[in-house]
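All residue numbers in this chain count up from 1 along the given sequence. Read the numbers this way: they start at 1 and go in the same order the structure lists the ligands and their atoms. What you see is a predicted model; the values in this text were computed from it and never measured. Because only heavy atoms are used, hydrogens play no part in the values below, and waters and symmetry mates are left out as well, while side chains stay in.
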Amino acid sequence: IISVREEEEENGSRQRDDGSWKKIREREGKDLLYVERCQQHRWRCAEVTFTCSDEAVCQHWVSSIREQLASNTSRPKHLLVYINPYGGKRQGKRIYEQKVAPLFTQAGISTSVIVTEYANHARDHLKMEAELKKFDGVVCVGGDGMFSEIIHGLIWRTQIDCGVDPNSPEEALSPCSLRIGIIPAGSTDCICFATVGTNDPVTSALHIIVGDSQPLDVCSVHHNNMFLRYSVSLLGYGFYGDVLSDSERKRWMGPARYDFSGLKMFLTHHYYEGTVSYLPARGIIGTPRDATRVKTVLAAVTSKVKSVCLGFFHPESSGEWRTIRGKFLAINAASMSCACPRSPKGLSPAAHLADGTTDLILVRKCSRFNFLRHLLRHTSKDDQFDLTFVEVHRVRRFRFMPRHCQSDSDLELDLHENSKRQIFSQICKDHPACGCAPAYSSWNCDGEILTHTAIDVRVHCQLIKLFARGIEELPVFEDLTNPCAI
Ligand SMILES: CCCCCCCCCCCCC/C=C/[C@@H](O)[C@H](COP(=O)(O)O)NC(=O)CCCCCCCCCCCCCCC
Ligand SMILES: Nc1ncnc2c1ncn2[C@@H]1O[C@H](COP(=O)(O)OP(=O)(O)O)[C@@H](O)[C@H]1O
Ligand SMILES: [Ca+2]
């Protein structure tokens, strides 16, 4: 139930929102607004009118429904809304005003709305000015970049308030208590799509109104013990880093810039050398190669319950660091599936939202034809990891070092090759058309470019919470309280 509304008209008929006329019965009716599930994870606000000849009974219904709604502590009552008017197709403000604000009003939610005036406005407002105590949640109207601003502000502020040093890579960060709602109005909107199942402003608004809660893992990214950024979706070096760098110069093209740059970078076919080391996740249920997708926190909780029962759940137990050196077309860390309309199953279809791990996907140097096979599998049912040049590991922590940054002793091992390369790189500078790979790519961190290439990444389990419930893949009326039923 979203809310209950009392009919005001006394006589005849009245016009509905859609223009049609509705007959008012003899007695006043009570409209009940409720959530209706539609296709493909979409939700809509539906309406049903109840009438009763006894006005006292009627009033009793209304007041008890209102009391129950008011006493529901998971539902937000005051929200702080940030709108990026320049994200995606620049429709953020219109989307919020036309589709979302009327629903919040209907549900009795009060809002404080800030339309951002410059990049990082929302982040800095949350970091320093916002009176967070007044609110039950934050709403982000924009794309993944705008969401990234919001979490940077909120996580930073929470650490300062809790006396935790946000710069230290070893520090356990304090979880943020305010939930975040995402109204999709960006270009990719993968964080919304992967946590709600669709990019639809009304559906997102309804998840906020009913007070859903979905914990989410956050990766912290450091360079030489210096904090760089947080990431919740994709950290991508090589292909996705290059696509992002190239597409930033084509912002005027709107969301199509990614397809243009994607094609360009596919044809450019650069590979990068470096060393990846990682700490494999131990004691968790599931692997990135699981055919069955388990995305809802419910399923994650269920597997925890099962593993506790079986006695092998050790959240902190980790193995030894492992190291892989090579030439890569792409190094991707997906902390969630990264599903989006371009790839409805995402970069790592079985990634969990809230298990404290990220899926590290290494795509080694291969032919253009093979890389295309890998890319195309993101759009079909075929397994994108089932290729000899692709490997995937579920990890808690990883580091990357581009070859040119490696220590002297490492490089001495490669001395012979290195001197050859220096000669060739000079030739390449003189003849740029020779197609030799450049030394560095950049990291795409949730759609923002990182300033360093050598990074240390650590997953912080369930650091933030969203107004979402993961993608529902279970029959709606199954007994969700009984783990054995799932
Ligand atoms: C041939 C078709 C291949 C399709 C492969 C699609 C894989 C798509 C996986 C996308 C993962 C996206 C992860 C999310 C990243 C976002 O954080 C981030 C920021 O979003 P925002 O702008 O909303 O703020 N978005 C991005 O970095 C955009 C990544 C987009 C990648 C598009 C790649 C298109 C590839 C086209 C290759 C074409 C080859 C054709 C050969 C004939
Ligand atoms: N008022 C503003 N003017 C310019 N840039 C902004 C403004 N508000 C936010 N931004 C920045 O715009 C960038 C893109 O925002 P986003 O909402 O993710 O759209 P898109 O999905 O199209 O990239 C983000 O890096 C964000 O920091
Ligand atoms: Ca995860």
Side-chain angles (χ1 to χ4, degrees), residues 82-93 114-123 140-150 152 182 184-194 199 215-219 231-236 239-245 247-248 251 254-255 257-267 281 284 288 295 300 330 332-348 350-359 368-369 371-380 384 394-396 444-449 459-462:
Y82 293 99
I83 303 177
N84 175 1
Y86 295 111
K89 296 182 183 148
R90 305 185 171 220
Q91 298 294 308
K93 205 159 166 283
I114 295 174
V115 179
T116 62
E117 285 159 20
Y118 46 89
N120 292 326
H121 183 175
R123 184 197 67 184
C140 163
V141 185
D144 295 332
M146 187 62 183
F147 179 80
S148 177
E149 275 200 31
I150 303 282
H152 279 80
I182 310 174
S187 302
T188 313
D189 297 318
C190 110
I191 302 163
C192 181
F193 195 94
N199 284 342
L216 205 62
D217 295 337
V218 177
C219 291
S231 161
V232 291
S233 60
L234 167 68
L235 258 169
F239 184 68
Y240 290 101
D242 294 349
V243 170
L244 187 70
S245 313
S247 69
E248 278 301 301
R251 224 165 221 289
R257 68 190 185 277
Y258 291 133
D259 301 306
F260 183 90
S261 298
L263 178 60
K264 182 172 159 190
M265 287 306 146
F266 169 75
L267 295 172
I284 47 142
K295 283 194 216 129
N332 303 322
S335 298
M336 58 168 71
S337 70
C338 293
C340 57
R342 266 190 194 82
S343 168
K345 65 176 186 174
L347 286 178
S348 189
H352 289 230
L353 296 171
D355 65 342
T357 73
T358 185
D359 287 351
R368 277 191 186 82
F369 174 72
F371 189 45
L372 182 61
R373 279 171 69 207
H374 168 67
L375 287 177
L376 279 175
R377 288 188 185 188
H378 289 82
T379 61
S380 73
Q384 62 258 43
R394 189 154 282 180
V395 311
R396 292 194 187 284
N444 173 342
C445 176
D446 290 0
E448 302 294 310
I449 296 164
V459 190
H460 298 265
C461 189
Q462 309 194 358

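- Remark: side-chain polar atoms of Ser343 are not paired, donor with acceptor, to backbone N or O of Cys340 under 3.5 angstrom.
- Asn444 ND2, 2.8 Å is the protein heavy atom nearest to atom 27 (O) of ligand 1.
- Each of the atoms 23 (O) of ligand 1 lies under 4.0 Å from some heavy atom of Asp189.
- Proximity to Leu372 (heavy-atom distance under 4.0 Å) selects the following atoms of ligand 1: 41 (C).
- The two residues Lys345 and Ser337 have their closest heavy-atom pair at O-CB, 4.1 Å.
- Checked by atom type and distance alone, the side chain of Arg251 never pairs as donor or acceptor with a backbone atom of Glu248 at under 3.5 Å.
- The shortest contact between atom 24 (O) of ligand 1 and any protein heavy atom is with Gly145 N, 3.1 Å.
- For the Ca ion (ligand 3), the set of nearby N, O or S atoms under 3.0 Å includes none belonging to Thr358.
- The line from CG of Asn444 to CG of Leu235 is 8.0 Å long, rounded to the nearest 0.5 Å.
- Between the side chain of Gln384 and the backbone N or O of Gly346 there is at least one donor-acceptor pair closer than 3.5 Å.
- Scanning both residues, Asn199 and Pro184, for their nearest heavy atoms gives C-CG, 3.7 Å.
- For the pair Tyr258 and ligand 1, the shortest N or O to N or O distance falls below 3.5 Å.
- In terms of protein heavy-atom proximity, atom 16 (C) of ligand 1 is nearest to Asp144 OD2, 3.2 Å.
- For atom 3 (C) of ligand 1, the candidate residues are Leu375, Asn84, Leu267; the nearest heavy-atom contact is made by Leu375.
- Contact annotation: for Cys190 versus ligand 1, heavy atoms closer than 4.0 Å belong to the side chain alone.
- For ligand 1, the atoms lying closer than 4.0 Å to a non-hydrogen atom of Ser233 are 17 (O).
- By the 30° and 60° cut-offs, the orientation of the rings of Phe371 relative to Phe266 is parallel.
- The contact set between ligand 1 and Leu263, taken as ligand atoms under 4.0 Å from a residue heavy atom, comprises 40 (C), 41 (C).
- Among Thr357, Thr358, Asp355, the single residue meeting the side-chain hydrogen bond (donor to acceptor under 3.5 Å, both in side chains) criterion with Ser335 is Thr358.
- In terms of N/O distances under 3.5 Å, ligand 1 is not approached by Leu347.
- Closest non-hydrogen pair, Ser348 versus Asp359, comes out as OG-OD2, 2.7 Å.
- With rounding to the nearest 0.5 Å, the separation of CG in Asp446 from CG in Leu234 is 7.5 Å.
- Between Gln91 atom CD and Tyr86 atom OH the span is 13.0 Å, to the nearest 0.5 Å.
- A donor-acceptor pair is defined here as one N or O able to donate and one able to accept, closer than 3.5 Å; such a pair exists between the side chain of His378 and the backbone of Leu375.
- No other N/O/S atom of Asp217 lies as close to the Ca ion (ligand 3) as OD2 does.
- Distance from atom 19 (C) of ligand 1 to its nearest protein heavy atom, with residue and atom name: Gly447 CA, 3.4 Å.
- Put simply, the side chain of Asp144 gets close to the backbone of Cys190: a donor and an acceptor are under 3.5 Å apart.
- Gly143 approaches Asp189 most closely through the heavy-atom pair CA-OD1, 3.2 Å.
- For Asp259, no heavy-atom contact with ligand 1 is shorter than 4.0 Å.
- With hydrogens and angles disregarded, no donor-acceptor distance shorter than 3.5 Å links the side chain of Asn332 to the backbone of Gly236.
- Taking each of Ile449, Thr379, Leu244 in turn, the one with a heavy atom nearest to atom 4 (C) of ligand 1 proves to be Thr379.
- Among the heteroatoms counted here (N, O or S) of Asp355, OD1 is the one nearest to the Ca ion (ligand 3).
- At a heavy-atom cutoff of 4.0 Å, ligand 1 is contacted by no atom of Ile191, backbone or side chain.
- When all heavy atoms of Arg394 and Ala351 are compared, the pair lying nearest together is NH2-CA, 3.7 Å.
- Of the protein's non-hydrogen atoms, Thr188 OG1, 3.1 Å is the one closest to atom 20 (O) of ligand 1.
- Checked by distance only, ligand 1 and Ser343 stay at 3.5 Å or farther apart across all their nitrogen or oxygen atoms.
- Of all the listed residues (Phe239, Tyr240, Phe147), Tyr240 holds the heavy atom that lies closest to atom 29 (C) of ligand 1.
- His352 contributes atom O as its closest N/O/S atom to the Ca ion (ligand 3).
- Given atom 32 (C) of ligand 1, the protein heavy atom at minimum distance is Arg342 CD, 3.9 Å.
- Among the backbone and side-chain atoms of Ser335, an N/O/S atom is found under 3.0 Å from the Ca ion (ligand 3).
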Discussion item. Show, in sequence, the C-alpha distance, side-chain angles and deciding distance for Gln462 and Asp217, and conclude whether the side-chain contact (heavy atoms from CB on, under 4.5 Å) test is met.
Written reply: CA-CA 4 Å; Gln462 309 194 358; Asp217 295 337; 4.1 Å; yes

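- For the residue pair Arg342 and Asp259, the shortest heavy atom distance occurs at NE-OD1, 3.0 Å.
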Tabulated below should be the N or O atoms of ligand 2 paired with protein N or O atoms at under 3.5 Å; can you produce that?
residue  : atom   : partner : partner atom : Å
ligand 2 : 1 (N)  : Thr116  : O            : 3.0
ligand 2 : 1 (N)  : Thr116  : OG1          : 3.1
ligand 2 : 1 (N)  : Tyr118  : N            : 3.2
ligand 2 : 8 (N)  : Asn84   : OD1          : 3.3
ligand 2 : 8 (N)  : Thr116  : OG1          : 2.8
ligand 2 : 12 (O) : Asn84   : ND2          : 3.3
ligand 2 : 15 (O) : Asn84   : ND2          : 2.9
ligand 2 : 17 (O) : Asn84   : ND2          : 2.9
ligand 2 : 17 (O) : Gly143  : N            : 2.7
ligand 2 : 18 (O) : Gly145  : N            : 2.8
ligand 2 : 18 (O) : Met146  : N            : 3.2
ligand 2 : 21 (O) : Ser187  : N            : 2.6
ligand 2 : 21 (O) : Ser187  : OG           : 3.4
ligand 2 : 22 (O) : Gly88   : N            : 2.7
ligand 2 : 22 (O) : Ser187  : OG           : 2.6
ligand 2 : 23 (O) : Arg251  : NH2          : 3.0
ligand 2 : 23 (O) : Arg257  : NH2          : 3.4
ligand 2 : 25 (O) : Glu448  : OE2          : 3.0
ligand 2 : 27 (O) : Glu149  : OE2          : 2.3

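- Counting heavy atoms of neighbouring residues, nucleotides and ligands inside a 6.0 Å radius, atom CZ of Arg368 exceeds 12 of them.
- Contact of the Pro85 side chain with the Thr116 side chain is registered, since non-hydrogen atoms from C-beta on lie closer than 4.5 Å.
- For atom 10 (C) of ligand 1, the closest non-hydrogen atom on the protein side is Cys340 SG, 3.9 Å.
- From the protein, the heavy atom lying nearest to atom 35 (C) of ligand 1 is Gly262 CA, 4.0 Å.
- Those atoms of ligand 1 that come under 4.0 Å of a heavy atom in Leu376, given as number and element, are 1 (C).
- Taking 4.0 Å as the cut-off, Arg257 counts as a neighbour of ligand 1 on heavy-atom distance.
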